[in-house]
Amino acid sequence: LETLKGTGNKMIFRKFRMVTLRTPNRLAVVLALAASLAGCATGLSEQECQVADWHTIGFEDGAKGRPEAQLGKHRKACAEHGIALQLNEYREGWQTGVKSYCQPANGYNLGRKGKAYGGVCPGTLEPGFLGAYGDGRSLYILERDVHRLSRTLTRKRNRLKAIETEARDAGLELVAKGIPTERRVILLDNIRKLAEERAETKTQIPTIQAELETKRQQLSTLSSAHVY
């Protein structure tokens, strides 16, 4: 859920997340959790500090790959309301959540999406996580290269067509009657420049096509090789 709060000419964006209440029935309600634009929690309200299930909050932070230092932000926020959080419960939840985050399949998906890794995985899980993350990251980079080359190729082809049109129009104007000498000089110079650009563009297109095909083949090979 998202809401906007106006402050003069500025807009403060706030995000909300689910916090589990510490009640006999452990009911789940949505409580406001202020966040920065980068998505890092900046403070809990007094009510959230009073009713929050710290094991669940720790698990959520760990499962999202947030560092355990996130605890310090929660502790500071609640201290402003004179409320102490349950450190042990938070840490136990965080450790469980991090184990979920640090699975190879999640690492692969994060790399595949081009997401950053914050170095939160324990030593026993990090090698497998990083290996999968690297595989996903390789595919992400290849896909990015394929999209970039495809756009470049389209742009070059479109430019080649435009050059042909511009050269044709300049040639027609050049042979028209009543064209001043000064204008003819300009047209001849433009035609020369267009011819040079056309030759260069025609040379570039096959090179881009070859690189694009290579990237596509690499992407296909890696995609079929990775199973997570």
Can a salt bridge be assigned to the pair Glu143 and Lys215 using a cut-off of 4.0 Å between side-chain N and carboxylate O? no
Are Ile83 and Val51 linked, directly or through other ILVMFWY residues, by side chains that come within less than 4.5 angstrom of each other? no
Trace of the side-chain contact (heavy atoms from CB on, under 4.5 Å) decision for Arg75 with Leu87: CA-CA 9 Å; Arg75 180 163 51 188; Leu87 300 181; 3.7 Å; yes
Going by atom types only, do Glu126 and Tyr133 share a side-chain donor-acceptor pair under 3.5 Å? no
In a check of side-chain contact (heavy atoms from CB on, under 4.5 Å) between Arg198 and each of Glu166, Arg159, Glu164, which one passes? Glu164
When rounded to the nearest 0.5 Å, the distance separating CG of Leu139 from CD of Gln218 is 11.0 Å
Between His74 and Tyr90, is the gap from one ring center to the other below 6.0 Å? yes
Would you say Gln209 and Glu213 are linked by a side-chain donor-acceptor pair, where the criterion is simply a distance under 3.5 Å? no
Answer whether the closest heavy-atom distance between the side chains of Leu212 and Thr152 falls below 4.5 Å. no
Worked check of side-chain contact (heavy atoms from CB on, under 4.5 Å) between Glu68 and Trp94: CA-CA 7 Å; Glu68 193 175 11; Trp94 183 86; 3.7 Å; yes
The reported gap from CG in Asn106 to NZ in Lys115 (rounded to nearest 0.5 angstrom) is 11.5 Å
Same hydrophobic cluster for Tyr108 and Tyr140, using side-chain heavy-atom links shorter than 4.5 Å among ILVMFWY? no
Which atom pair, heavy atoms only, marks the closest approach of Glu173 to Ile179? O-CG1, 3.3 Å
What distance do Ile191 atom CD1 and Arg184 atom CZ have between them, rounded to the nearest 0.5 Å? 10.5 Å
Hey, mind stepping through Arg66 and Glu60 against side-chain contact (heavy atoms from CB on, under 4.5 Å) and telling me if it holds? CA-CA 9 Å; Arg66 293 170 181 161; Glu60 180 183 333; 4.2 Å; yes
